[in-house]
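What follows is a single structure, written as structure tokens, with notes after it.
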Amino acid sequence: ATPNEVVDHIVSVVHSSLTKPEIDVVPGKNLLIVGNPGSGKTSMAARLASRILERDNEGRVAIVSYCDRRLGSWSTCQVIANRLGAESYRIQDPKELKKISEELGLGVMIIDTSGANTQEDISTIEQILPNVVVCPVLACDASESSTREILNSIGEEKIHSVMLTRLEQNHVPWETLGVLLEKGVSISSGTFGRDVANPEQIKFDKELAKRIENLICEDFDLEWSINHNQIPLDITPRAPS
């Protein structure tokens, strides 16, 4: 294969196997945001809330901080919710989720977990809200072992798709993408920016595939390959120091 053929093949895989249309969030739906600590769950919860409010200005959206005892996590949730015009709740007792869901009616509840006890949180919440949609968040610079750990703790059969964060750092998530391809798990959204209230900084479906494609082409040493008419032996991503 020529270098161009290799790049074309990678691009086709991204479009056909890695990306998936965004989750269909209908009124009354509950979303459960899970992932490792520091992966960008609260940021993704905010972006989803912004997306939903953008589509339905009169709808109710609540961001729930679930059993998160980390310093500053609740205040961060409040600030973000206020900025977006969403409601915010802090709960320590899982039974309160049912009450909030009933109060919202046809509103959307986005449950932001701490990431400390993912498997236990999913099991507990599914007993209270049987139709909750599990939304895994992965940081694009996560290691292969970290990616496998979170996917295994969730259970692949429950995953519609994952949401990828930190793509604004121009770091191609080779290890993460490799695990997703191996397990047949797709990506439905990705973030390219730090402003959680900017709807332009979250990408979906074809636009997301195009952005990932561009990052891959930039990271692949295409110029070297073309000049030598072969694939370089070392195609390790050139990560920033």
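The structure places CD1 of Ile150 at 7.5 Å from CG of Leu138, a figure rounded to the nearest 0.5 Å. Note that OG1 of Thr113 and CG of Asp121 are 5.5 Å apart. Values are rounded to the nearest 0.5 Å. A distance of 14.5 Å separates CD1 in Ile187 from CD in Glu22, rounded to the nearest 0.5 Å. Tyr89 OH to Glu96 CD: the interatomic distance, rounded to the nearest 0.5 Å, is 11.0 Å. From Leu151, atom CG reaches atom CD of Glu156 across 6.5 Å, with rounding to the nearest 0.5 Å. Atom NZ of Lys29 and atom CG of Asn131 lie 9.0 Å apart (nearest 0.5 Å).
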| Between Ile52 and Ile110, does a side chain to side chain contact (heavy atoms under 4.5 Å, CB included) hold up when you go through it step by step? | CA-CA 11 Å; Ile52 296 165; Ile110 304 174; 4.2 Å; yes
| Residue pair Leu129, Ile111: steps toward the side chain to side chain contact (heavy atoms under 4.5 Å, CB included) verdict | CA-CA 11 Å; Leu129 303 170; Ile111 307 166; 3.9 Å; yes
| task | Take His15 and Glu213, measure what side chain to side chain contact (heavy atoms under 4.5 Å, CB included) needs, and give me the verdict at the end. | result | CA-CA 8 Å; His15 281 268; Glu213 167 198 326; 3.1 Å; yes
| message | Would Glu120 and Ser123 count as a side chain to side chain contact (heavy atoms under 4.5 Å, CB included) here? Give the steps. | response | CA-CA 5 Å; Glu120 180 182 333; Ser123 177; 5.8 Å; no
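Glu126 places a side-chain heavy atom less than 4.5 Å from the side chain of Val132. Taking the side chain as every heavy atom from C-beta outward, Lys158 and Ile122 approach each other to under 4.5 Å. Taking 4.5 Å as the limit, every side-chain heavy atom of Thr124 sits out of range of all side-chain heavy atoms of Asn117. When side chains are defined from C-beta on, Ser101 counts as touching Asn30, because their heavy atoms get closer than 4.5 Å. Considering only heavy atoms from C-beta on, Asp112 stays 4.5 Å or farther from Ser65 through its side chain. The closest side-chain heavy-atom distance from Lys183 to Asn152 is below 4.5 Å. Here the side chains of Leu48 and Ile23 are not in contact, with every heavy-atom distance at 4.5 Å or above. Using a 4.5 Å heavy-atom cutoff, the side chains of Leu167 and Arg211 are not in contact.
A donor-acceptor pair under 3.5 Å is formed between the side chain of Thr191 and the backbone N or O of Arg166. Of the possible donor and acceptor atoms, one in the side chain of Glu175 sits under 3.5 Å from a partner among the backbone N and O of Glu144.
Closest approach of Ser43 and Val196 over heavy atoms only: OG-CG1, 3.5 Å. The two atoms that bring Met163 and Ser189 nearest to each other are CG-OG, 3.0 Å, heavy atoms only. Closest heavy-atom contact between Thr176 and Ala139: OG1-O, 3.9 Å. Nearest heavy-atom pair, Gly193 versus Glu168, reported as atom, atom and distance to 0.1 Å: N-CB, 3.2 Å. Of all heavy-atom pairs spanning Pro136 and Ser161, the tightest one is CD-O, 3.3 Å. Here the shortest heavy-atom pairing between Ala45 and Ile63 reads O-CD1, 4.3 Å.
Each of Leu106 and Val61 belongs to its own hydrophobic cluster when Ile, Leu, Val, Met, Phe, Trp and Tyr are linked at side-chain heavy-atom distances under 4.5 angstrom. There is a path of hydrophobic side-chain contacts, each under 4.5 Å, that joins Trp174 to Val179. Hydrophobic cluster membership is shared by Leu208 and Ile10, with clusters built from Ile, Leu, Val, Met, Phe, Trp and Tyr side chains linked at under 4.5 angstrom. Under a hydrophobic clustering in which Ile, Leu, Val, Met, Phe, Trp and Tyr are joined whenever their side-chain heavy atoms come within less than 4.5 Å, directly or via other members, Met109 and Val134 fall into the same cluster. Hydrophobic clustering, with ILVMFWY side chains joined whenever heavy atoms are under 4.5 angstrom apart, groups Val162 together with Phe192.
Asp68 and Arg70 are joined by a salt bridge, as a carboxylate oxygen and a charged side-chain nitrogen come within less than 4.0 angstrom of each other. Using a 4.0 Å cut-off between charged side-chain N and carboxylate O, Glu182 and Arg148 make a salt bridge.
Heavy atoms from other residues, nucleotides or ligands lying under 6.0 Å from NZ of Lys20 number more than 12. Surrounding CD of Glu103 are more than 12 heavy atoms belonging to other residues, nucleotides or ligands, all under 6.0 Å away.
The side-chain hydrogen bond (donor to acceptor under 3.5 Å, both in side chains) test applied to Lys99 returns no partner, not counting sequence neighbours. Val79 is linked by a side chain to side chain contact (heavy atoms under 4.5 Å, CB included) to nothing, counting only residues two or more places apart in sequence or in another chain.
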Show me the donor-acceptor pairs within less than 3.5 Å that the side chains of residues 31-41 make with the rest of the protein, sequence neighbours left out.
{"residue": "Asn36", "atom": "ND2", "partner": "Ser146", "partner atom": "OG", "Å": "2.8"}
{"residue": "Ser39", "atom": "OG", "partner": "Asn36", "partner atom": "O", "Å": "2.8"}
{"residue": "Lys41", "atom": "NZ", "partner": "Asn36", "partner atom": "O", "Å": "3.1"}

